[in-house]
Colleague: 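Let me begin by handing over the structure; questions about it come next.
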Amino acid sequence: MGPIRTLYSKKYGVDLIRYTHGDANTVVYSSNKLDDTIRYLSLTDNKYIRYFPGHTDRVVALSMSPVDDTFISSSLDMTIRLWDLRSPNCQGLTNPLGKPVCSYDPEGLIFAAGVDSEAIKLYDLRSFDKGPFASFETLFSRVCEWTGLKFSRDGKQILISTNGGAIRILDAFNGSVLHTFSGYNNSKGISLEACFTPDSDFVMIGSEDGRVHVWSTESGMKIAVLDGKHSGPINTLQFNPKYMTFASACSNMAFWLPCVGD
């Protein structure tokens, strides 16, 4: 399967990219060149709709609201910012007192911030300027940094990705560790992206040897290792939320069908 179309961002570079809510023809993305402005791009005519300036260091997380046209971003400038696609102005800012990664919950009512690779802080979007309503200390025994945070689709679990050889699932209500998954290769400290399957029954992550590892979220047992014939580390892995397919990517991309459990 070849690309439908290629759009370039040679001046600004491209790092994190997210489809906007309910629109497959527009995206927001962060840059890895020139500045740390977030850009809102139309894919149909390759024109910028809006710019979102404000961060003063690299953006490390972008999360679109599942219910409306807002999104949140976190940066190495130690801030989390709330945005609305209709305005270039930051709609709100919070300083979680450390390097944050962040994500909306599935209902779009709260967001979680993983701070300094040691704590989860939960914020109510209606009053996030008052600070977190809950905070959990969650120290990893391994030396690694948190590189991503995702809720399961049912909102009951939080998945922590790292640049080490282990990922964890936490209880979203009390922060307790439910499972620690390891046994995949990541000796070079790469930010490997893990994800839940849409039914929340499995967790998947790529590895530096080009294989995909799969665990059961119920039992915590590894159930499969899939070989996608990748030539390098799989640093991105995403599920299609509507169809039983997922994509994994290194310098090339592989599409998978069917998904685990089909």
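All values below were derived from every heavy atom in this structure, side-chain atoms included, with hydrogens, water molecules and symmetry-related copies excluded. Throughout, numbering of the chain's residues begins at 1 and tracks the sequence. Computed from a prediction, not measured in an experiment: that's the story for all the values here.
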Colleague: Assess whether atom OH of Tyr19 is packed by more than 12 heavy atoms of other residues, nucleotides or ligands within 6.0 Å.
Modeller: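 Check fails, neighbour count at 12 or below.
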Colleague: Under the salt bridge (charged side-chain N to carboxylate O under 4.0 Å, His left out) rule, what pairs show up with a residue in residues 80-99, not counting sequence neighbours?
Modeller: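 Matches after skipping sequence neighbours: Asp84-Arg86, Lys99-Glu145.
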Colleague: Taking Ser200 for the side chain and Arg153 for the main chain, is one N or O donor matched with an acceptor at less than 3.5 Å?
Modeller: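 Yes; judged by distance alone, with no hydrogens or angles, the pair exists.
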Colleague: If you link ILVMFWY side chains whenever their heavy atoms are less than 4.5 Å apart, which other residues fall into the same cluster as Leu85? By chain and number, please.
Modeller: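 ILVMFWY cluster around Leu85 also holds Leu16, Val28, Ile38, Tyr40, Ile49, Phe52, Val59, Leu62, Met64, Phe71, Trp83.
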Colleague: Tell me every residue that passes salt bridge (charged side-chain N to carboxylate O under 4.0 Å, His left out) with Asp15, counting only those two or more places apart in sequence or in another chain.
Modeller: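 With sequence neighbours excluded, Asp15 shows a salt bridge (charged side-chain N to carboxylate O under 4.0 Å, His left out) to Arg58, given in chain and number order.
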Colleague: In Å, rounded to the nearest 0.5 Å, how long is the span from NE2 of His21 to CG of Asp69?
Modeller: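 If I round to the nearest 0.5 Å, the distance is 6.5 Å.
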Colleague: When hydrophobic residues are tied together by side-chain contacts of less than 4.5 Å, even through go-betweens, does Ile223 share a cluster with Met204?
Modeller: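 As far as the 4.5 Å side-chain criterion goes, Met204 and Ile223 are connected within one cluster.
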Colleague: With ILVMFWY side chains joined below 4.5 Å, transitively, what does Leu82's cluster contain besides itself?
Modeller: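 In the cluster with Leu82 are Ile72, Ile80, Tyr104, Phe111, Tyr123, Leu125, Phe128.
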Colleague: Can any side-chain N or O of Ser161 pair as donor or acceptor with the backbone N or O of Ala194 at less than 3.5 Å?
Modeller: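 Yes, because the side chain of Ser161 sits within donor-acceptor range (under 3.5 Å) of the backbone of Ala194.
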Colleague: Could you list the cluster mates of Met78? Members are the ILVMFWY residues connected by side-chain heavy atoms closer than 4.5 Å, either directly or through other members.
Modeller: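 Grouped by the 4.5 Å side-chain rule, Met78 forms a cluster of one, so the answer is none.
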Colleague: So which atom in Cys195 and which in Leu237 form the shortest heavy-atom distance, rounded to 0.1 Å?
Modeller: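 Distance-wise, the nearest heavy atoms are SG-CD2, 3.2 Å.
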Colleague: Dump the intermediate steps for side-chain contact (heavy atoms from CB on, under 4.5 Å) on Gln157 and Phe196, then the final yes or no.
Modeller: CA-CA 10 Å; Gln157 300 173 334; Phe196 286 103; 3.5 Å; yes
Colleague: Excluding sequence neighbours, so at least two apart, what forms salt bridge (charged side-chain N to carboxylate O under 4.0 Å, His left out) with Asp124?
Modeller: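 Counting only residues at least two positions away or on another chain, Asp124 forms a salt bridge (charged side-chain N to carboxylate O under 4.0 Å, His left out) with Arg126.
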Colleague: Going hydrophobic residue to hydrophobic residue with side-chain gaps under 4.5 angstrom, can you get from Val14 over to Leu34?
Modeller: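 The answer is yes; both residues are in one hydrophobic cluster.
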Colleague: Show me the pairs that pass salt bridge (charged side-chain N to carboxylate O under 4.0 Å, His left out) and involve residues 205-218, at least two apart or across chains.
Modeller: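 Those involving residues 205-218 are Asp209-Arg211.
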Colleague: Decide side-chain contact (heavy atoms from CB on, under 4.5 Å) for Lys33 and Lys11; before the verdict, give the C-alpha distance in whole Å, the side-chain angles of both, and the deciding distance to 0.1 Å.
Modeller: CA-CA 7 Å; Lys33 297 180 180 179; Lys11 180 178 180 181; over 6 Å; no
Colleague: For residues Cys102 and Ser63, report the shortest heavy-atom separation together with the two atoms involved.
Modeller: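 Reported closest heavy-atom pair: O-CB, 4.2 Å.
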Colleague: With sequence neighbours left out, write down each residue that passes side-chain hydrogen bond (donor to acceptor under 3.5 Å, both in side chains) with Tyr48, or none if nothing qualifies.
Modeller: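 side-chain hydrogen bond (donor to acceptor under 3.5 Å, both in side chains) list for Tyr48, sorted by chain: Tyr29.
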Colleague: Has Lys156 got more than 12 heavy atoms of other residues, nucleotides or ligands less than 6.0 Å from its NZ?
Modeller: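 No, the 6.0 Å shell around NZ holds no more than 12 heavy atoms from other groups.
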Colleague: Measuring from atom OG1 of Thr37 to atom OH of Tyr12, what distance do you get when rounded to the nearest 0.5 angstrom?
Modeller: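 One gets 8.5 Å once the value is rounded to the nearest 0.5 Å.
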Colleague: Check whether Leu149 and Leu76 end up in the same hydrophobic cluster, where Ile, Leu, Val, Met, Phe, Trp and Tyr are linked by side-chain heavy atoms less than 4.5 Å apart.
Modeller: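 Leu149 clusters together with Leu76.
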Colleague: Mind checking salt bridge (charged side-chain N to carboxylate O under 4.0 Å, His left out) for Glu193 and listing every partner two or more places apart, or none if nothing turns up?
Modeller: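 Partners of Glu193 by the salt bridge (charged side-chain N to carboxylate O under 4.0 Å, His left out) criterion, ordered by chain and then number, come out as Lys150.
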Colleague: Minimum heavy-atom separation for Gly13 to Asn32, with atom names?
Modeller: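 So the minimum-distance heavy-atom pair works out to CA-OD1, 3.1 Å.
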Colleague: Step by step, work out the side-chain contact (heavy atoms from CB on, under 4.5 Å) result for Val67 and Glu107.
Modeller: CA-CA 7 Å; Val67 297; Glu107 296 182 347; 5.9 Å; no
Colleague: Can you check whether Val115 reaches Leu97 side chain to side chain, under 4.5 Å on heavy atoms?
Modeller: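 No, side chains not in contact.
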Colleague: State whether the side chain of Lys121 and the backbone N or O of Pro96 hold a donor-acceptor pair below 3.5 Å, judged by distance alone.
Modeller: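 At least one qualifying donor-acceptor pair exists.
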Colleague: So which heavy atom on Trp146 is nearest to which on Thr138, and how close?
Modeller: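 Closest pair (atom of Trp146, atom of Thr138, distance): CZ2-O, 3.2 Å.
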Colleague: Could you grab the distance from atom CD1 of Ile205 to atom CG of Leu159, nearest 0.5 Å is fine?
Modeller: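 Rounded to the nearest 0.5 Å, the CD1-CG separation comes to 8.0 Å.
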Colleague: Taking all non-hydrogen atoms of both residues, which atom of Thr162 and which atom of Gly164 are closest, and how far apart?
Modeller: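 That closest heavy-atom pairing would be OG1-N, 3.0 Å.
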Colleague: Looking at Thr20, is its backbone amide N or carbonyl O close enough to the side chain of Thr26 to form a donor-acceptor pair, meaning the two atoms are under 3.5 Å apart?
Modeller: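 No; zero donor-acceptor contacts below 3.5 Å.
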Colleague: Kindly say whether Ser219 contributes a backbone atom to a donor-acceptor pair with the side chain of Ser216 at under 3.5 angstrom?
Modeller: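 Yes, the answer is positive, given that a donor and an acceptor are paired below the 3.5 Å cut-off.
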Colleague: Given Thr147 and Val101, is the side-chain contact (heavy atoms from CB on, under 4.5 Å) satisfied, shown in steps?
Modeller: CA-CA 7 Å; Thr147 56; Val101 290; 5.8 Å; no
Colleague: Ignoring hydrogens and angles, tell me if any N or O in the side chain of Asp68 forms a donor-acceptor pair with the backbone of Thr70 under 3.5 Å.
Modeller: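 A pair under 3.5 Å: yes.
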Colleague: Got a sec, which residues hit salt bridge (charged side-chain N to carboxylate O under 4.0 Å, His left out) with Asp35, two or more places apart in sequence or on another chain?
Modeller: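 Applying salt bridge (charged side-chain N to carboxylate O under 4.0 Å, His left out) to Asp35 gives Arg39.
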Colleague: Atom OG of Ser182 and atom NE2 of His213: how far apart are they, to the nearest 0.5 Å?
Modeller: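 Taking OG in Ser182 and NE2 in His213, the distance rounds to 10.5 Å.
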Colleague: Phe173: which other cluster members, linking ILVMFWY side chains closer than 4.5 Å, directly or transitively?
Modeller: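 Cluster partners of Phe173: none, it stands alone.
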Colleague: If you compare all heavy atoms of Ser207 against all heavy atoms of Leu192, which two are closest, and at what distance to 0.1 Å?
Modeller: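 Looks like CA-CD1, 3.9 Å.
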Colleague: Please tell me if the side chains of Leu122 and Phe136 come closer than 4.5 Å, counting only heavy atoms from C-beta onward.
Modeller: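 Yes; the side chains approach each other to less than 4.5 Å.
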Colleague: Give, for atom CG of Asn46 and atom CG of Leu41, the distance between the pair rounded to the nearest 0.5 Å.
Modeller: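 Output value for this atom pair is 5.5 Å.
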Colleague: Using side-chain hydrogen bond (donor to acceptor under 3.5 Å, both in side chains) as the criterion, list what pairs up with Asp77, not counting sequence neighbours.
Modeller: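 Scan of Asp77 (side-chain hydrogen bond (donor to acceptor under 3.5 Å, both in side chains), adjacent residues dropped) gives His55, Ser75, Thr79.
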Colleague: For a 4.5 angstrom cut-off between non-hydrogen side-chain atoms, does Phe133 reach Ile110?
Modeller: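 Yes, their side chains come closer than 4.5 Å.
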Colleague: Counting distance only, does the side-chain N/O of Asp105 pair as donor-acceptor with the main-chain N or O of Ala112 below 3.5 Å?
Modeller: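 Flag not set: sc Asp105 to bb Ala112 has no pair under 3.5 Å.
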Colleague: When rounded to the nearest 0.5 angstrom, what is the spacing between CD1 in Ile167 and CD1 in Ile160?
Modeller: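 So the CD1 of Ile167 and the CD1 of Ile160 are separated by 10.5 Å.
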